[in-house]
Colleague: 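Submitted below is the structure of interest, expressed as C-alpha cells.
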Amino acid sequence: MSLDARQLADALDFATISYTESTESTNTDLLADADAGPWTVRITTNQTAGKGRLGRVWEAPPGANLAMSVLLMPTSLDRIGTIPLAAGLAVADAISGTRLKWPNDVLLGEKKLCGILAEASAAPRARVVVGWGINVALREDQLPVPHATSLQIAGKSTDHTQVAADVLRNFYERMQQWQDNDPQLLDDYRSACASIGVRVRLESHSDTIEGTVDTVTDDGRISIDGKAFSAGDVSHLRRQDGNYS
C-alpha cells in the first residue's frame with residue numbers, strides 16, 4: 001500500500017511533511033536541509049542507502065519499508081540520550097505486541113521490526129534528527145537477516161500512511177514529556193523494555209561484557225550488573241545446555 005502524503009499532512013497539524021518517492025537516506029536529507037524547521041518530517045517508502053547504528057546499512061525493496069526522519073530543535077543538547085528511547089517508545093505505543101531492546105530496537109516477538117538512528121549537530125544551533133526504518137510489507141524471502149520480521153509477516157496492518165501517522169503522533173506526545181522532563185517517560189520505557197532482567201552481551205568500541213540487565217537509568221543508560229553504559233550494541237543471550245549464547 002502506497003503512502004498518501006496529503007492524508008498524512010492533514011492528520012498531523014504539528015508537522016511539515018516532506019515526501020519523496022525515493023531517496024538514499026531521510027536522515028541525510030534533513031541534516032543537509034538548512035531551511036527545515038522543527039518537526040519537519042522527511043518520508044519515503046523507497047530508501048536506497050539508509051543508515052543504521054554502528055555504520056550498518058538499512059535497505060529494502062521499494063514499497064516494503066517505511067523510512068521517515070523528524071527534525072527536532074531542542075533548546076540544548078542536554079538529555080539528548082533519552083530522545084532515541086522516546087522514539088522507540090513511540091513505535092511501541094503505536095503497534096501492539098511490540099517491545100524494546102535497549103536502546104531503541106523495536107521487537108515483535110523476539111524479532112526486529114524497526115531500527116532507529118538519531119544524529120545530532122550543535123551548530124549553528126542544536127539540531128537532532130531521529131530516523132525510523134520500519135519493516136512494513138517485507139515477505140519472508142525479503143528479510144535482510146533471520147532475526148527480522150515485518151508487519152505483513154505478523155498479520156498486522158500494512159497501511160504506510162496510518163503507521164506513519166500513529167508513530168509520529170505518539171512521538172510528538174512523548175517529546176512533550178521529554179521537554180517537561182516528565183519521569184513517566186522513562187517509567188513507561190522501562191515497562192516496555194525487553195532487555196531488563198535478561199542476560200545480555202554488550203559490545204562497544206572498547207570492550208565486550210556479559211551480564212544481566214538491572215534497569216535503564218533515568219538518563220537512558222543501560223545498567224548491567226550494577227554498572228551503567230551509555231553506548232553499545234546489545235544482544236539478548238539465550239540459555240542452552242547450561243550456557244548462554
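Keep in mind the model is a prediction, meaning the values are calculated, not measured.
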Colleague: Should Ser22 and Asn46 be marked as a side chain to side chain donor-acceptor pair (under 3.5 Å) after you check the CA-CA gap, both sets of side-chain angles, and the distance that decides it?
Modeller: CA-CA 5 Å; Ser22 178; Asn46 185 21; 3.2 Å; yes

Colleague: Do you know which two heavy atoms are closest between Asn104 and Ile116, and how far apart they sit?
Modeller: O-CD1, 3.4 Å

Colleague: About how many Å separate CD1 of Ile134 and OG1 of Thr45, when rounded to the nearest 0.5 Å?
Modeller: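 Thr45 atom OG1 to Ile134 atom CD1 measures 12.5 Å (nearest 0.5 Å).
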
Colleague: Counting only N and O atoms by type, is there a donor-acceptor contact under 3.5 Å from the side chain of Asp159 to the main-chain atoms of Gln162?
Modeller: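 Side chain of Asp159 to backbone of Gln162: a pair is present.
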
Colleague: What distance separates Leu185 CG from Gln179 CD, expressed to the nearest 0.5 Å?
Modeller: 12.0 Å

Colleague: Please round to the nearest 0.5 Å and tell me the distance separating atom CG of Leu8 and atom NE2 of His160.
Modeller: 12.0 Å

Colleague: The criterion is salt bridge (Lys or Arg N to Asp or Glu O under 4.0 Å); which residues satisfy it with Arg221, sequence neighbours excluded?
Modeller: Asp219

Colleague: Please identify each residue that fulfils salt bridge (Lys or Arg N to Asp or Glu O under 4.0 Å) with Asp78, with sequence neighbours left out.
Modeller: none

Colleague: What's the spacing between Thr149 OG1 and Gln152 CD if we round to 0.5 Å?
Modeller: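 Spacing of OG1 (Thr149) from CD (Gln152) equals 10.0 Å.
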
Colleague: Taking all heavy atoms of Ser157 and all of Val163, pick out the closest pair and write down the distance.
Modeller: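 Distance-wise, the nearest heavy atoms are O-CG2, 4.2 Å.
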
Colleague: Restricting to non-hydrogen atoms, name the atom on Gln142 and the atom on Pro61 that form the minimum distance, rounded to 0.1 Å.
Modeller: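 Reported closest heavy-atom pair: NE2-CG, 3.6 Å.
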
Colleague: So Glu140 and Ile153, do their side chains get closer than 4.5 Å, heavy atoms only?
Modeller: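 Result yes, sub-4.5 Å side-chain heavy-atom pair found.
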
Colleague: Measure the spacing between CZ of Arg125 and CG of Leu77 and express it to the nearest 0.5 Å.
Modeller: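 Atom-to-atom, Arg125:CZ and Leu77:CG are 10.0 Å apart.
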
Colleague: Give me the one residue out of Arg238, His147, His236 that meets side chain to side chain donor-acceptor pair (under 3.5 Å) with Glu110.
Modeller: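 It is Arg238; the other options fail the test.
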
Colleague: Donor-acceptor check, side chain of Thr44 to backbone of Glu21, threshold 3.5 angstrom: yes or no?
Modeller: yes

Colleague: For Asp218, what residues pass the salt bridge (Lys or Arg N to Asp or Glu O under 4.0 Å) criterion, not counting sequence neighbours?
Modeller: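 Only Arg190 meet the salt bridge (Lys or Arg N to Asp or Glu O under 4.0 Å) criterion with Asp218.
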
Colleague: Please list, chain by chain and in numerical order, all residues satisfying ring pair (Phe, Tyr, Trp, His ring centres under 6.0 Å) with Tyr189, sequence neighbours excluded.
Modeller: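 By the ring pair (Phe, Tyr, Trp, His ring centres under 6.0 Å) rule, Tyr189 matches no residue at all.
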
Colleague: Please tabulate, for the side chains in residues 10-19, all donor-acceptor contacts under 3.5 angstrom to protein atoms that are two or more places apart in sequence or on a different chain.
Modeller:
residue, atom, partner, partner atom, Å
Ser18, OG, Arg42, NH1, 2.8

Colleague: Minimum heavy-atom separation for Ile43 to Ala164, with atom names?
Modeller: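 Answer, listing the atom of Ile43 first, then Ala164: CD1-CB, 3.8 Å.
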
Colleague: Does Asn170 reach the main-chain N or O of Asp166 with its side chain, forming a donor-acceptor pair under 3.5 Å?
Modeller: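 Judged by distance alone, yes, a pair lies under 3.5 Å.
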
Colleague: With side chain to side chain contact (heavy atoms under 4.5 Å, CB included) as the test, would you mind laying out the steps for Leu113 and Leu107 before giving the verdict?
Modeller: CA-CA 5 Å; Leu113 176 71; Leu107 306 180; over 6 Å; no

Colleague: Could you report the tightest heavy-atom contact between Leu186 and Thr217, atom names first, then the distance?
Modeller: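 Reported closest heavy-atom pair: CD1-O, 3.7 Å.
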
Colleague: Decide yes or no on side chain to side chain donor-acceptor pair (under 3.5 Å) for Thr161 and Asp4, but give the supporting numbers first.
Modeller: CA-CA 6 Å; Thr161 308; Asp4 188 329; 5.8 Å; no

Colleague: Can you confirm whether Arg127 sits close enough to Leu30 that some side-chain heavy atom of one is under 4.5 Å from a side-chain heavy atom of the other?
Modeller: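 The answer is no, as the side chains (C-beta and beyond) never meet within the 4.5 Å cut-off.
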
Colleague: For Asn65 and Val136, run side chain to side chain contact (heavy atoms under 4.5 Å, CB included): C-alpha distance rounded to whole Å, both residues' side-chain angles, the deciding distance at 0.1 Å, then the answer.
Modeller: CA-CA 5 Å; Asn65 267 12; Val136 177; 5.6 Å; no

Colleague: Do the non-hydrogen side-chain atoms of Ser25 and Gln47 ever get within less than 4.5 Å of each other?
Modeller: yes

Colleague: Assess whether a salt bridge exists between Arg169 and Asp93, defined as any Lys/Arg side-chain N lying under 4.0 Å from an Asp/Glu carboxylate O.
Modeller: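 A salt bridge is absent here (no side-chain N lies under 4.0 Å from a carboxylate O).
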
Colleague: With no hydrogens and no angle check, is any side-chain donor or acceptor of Thr23 less than 3.5 Å from a backbone partner on Thr26?
Modeller: no

Colleague: Backbone N or O of Asp207 within a donor-acceptor pair of the Ser204 side chain at under 3.5 Å?
Modeller: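 A pair under 3.5 Å: yes.
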
Colleague: Are the side chain of Arg99 and the backbone N or O of Ser191 linked by a donor-acceptor pair below 3.5 Å?
Modeller: yes

Colleague: Is there a donor-acceptor pair closer than 3.5 Å between any side-chain N or O of Ser195 and the backbone N or O of Trp102?
Modeller: yes

Colleague: Would you confirm whether Asp180, through its side chain, and Asp182, through its main-chain N or O, come within 3.5 Å as a donor-acceptor pair?
Modeller: no

Colleague: Look up atom CD1 in Ile222 and atom CD1 in Ile196, then write down how far apart they are to the nearest 0.5 Å.
Modeller: 8.0 Å

Colleague: Check Ser69 against Asn27 and note the closest heavy-atom contact, atom names and distance.
Modeller: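 Heavy atoms only, the tightest pair is OG-OD1, 2.5 Å.
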
Colleague: Would you mind reporting whether Leu71 and Trp39 have side-chain heavy atoms less than 4.5 Å apart?
Modeller: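 No; the side chains remain at least 4.5 Å from each other.
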
Colleague: Taking atom types as modelled and ignoring hydrogens, do the side chains of Asn135 and Ser150 form a donor-acceptor contact shorter than 3.5 angstrom?
Modeller: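 Absent: no donor and acceptor within the cut-off.
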
Colleague: Should Asp233 and Leu202 count as side-chain neighbours, where that means a heavy-atom distance under 4.5 Å?
Modeller: no

Colleague: Let's go through Lys112 and Val145 carefully: what are the C-alpha distance in whole Å and the side-chain angles of both, what is the deciding distance for side chain to side chain contact (heavy atoms under 4.5 Å, CB included) to 0.1 Å, and is it a yes or a no?
Modeller: CA-CA 9 Å; Lys112 184 173 178 177; Val145 289; over 6 Å; no

Colleague: Look at the side chain of Trp178 and the backbone N and O of Arg79, then say whether any donor-acceptor pair between them is shorter than 3.5 Å.
Modeller: yes

Colleague: In residues 85-92, what donor-acceptor pairs under 3.5 Å come from side-chain atoms, sequence neighbours left out?
Modeller:
none

Colleague: Could you go step by step and tell me if Leu72 and Val129 meet the side chain to side chain contact (heavy atoms under 4.5 Å, CB included) rule?
Modeller: CA-CA 6 Å; Leu72 305 173; Val129 171; over 6 Å; no

Colleague: Tell me, do Phe171 and Val130 make a side-chain contact under 4.5 Å, heavy atoms counted?
Modeller: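 A side-chain contact under 4.5 Å exists here.
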
Colleague: So, applying side-chain contact (heavy atoms from CB on, under 4.5 Å) with Asp225, which one of Val213, Ile209, Thr212 is it?
Modeller: Thr212

Colleague: Using the rule given for side chain to side chain donor-acceptor pair (under 3.5 Å), can you reason through Lys101 versus Ser235, listing the C-alpha separation, both sets of side-chain angles and the distance that settles it, and then say yes or no?
Modeller: CA-CA 8 Å; Lys101 178 167 73 72; Ser235 301; 5.8 Å; no

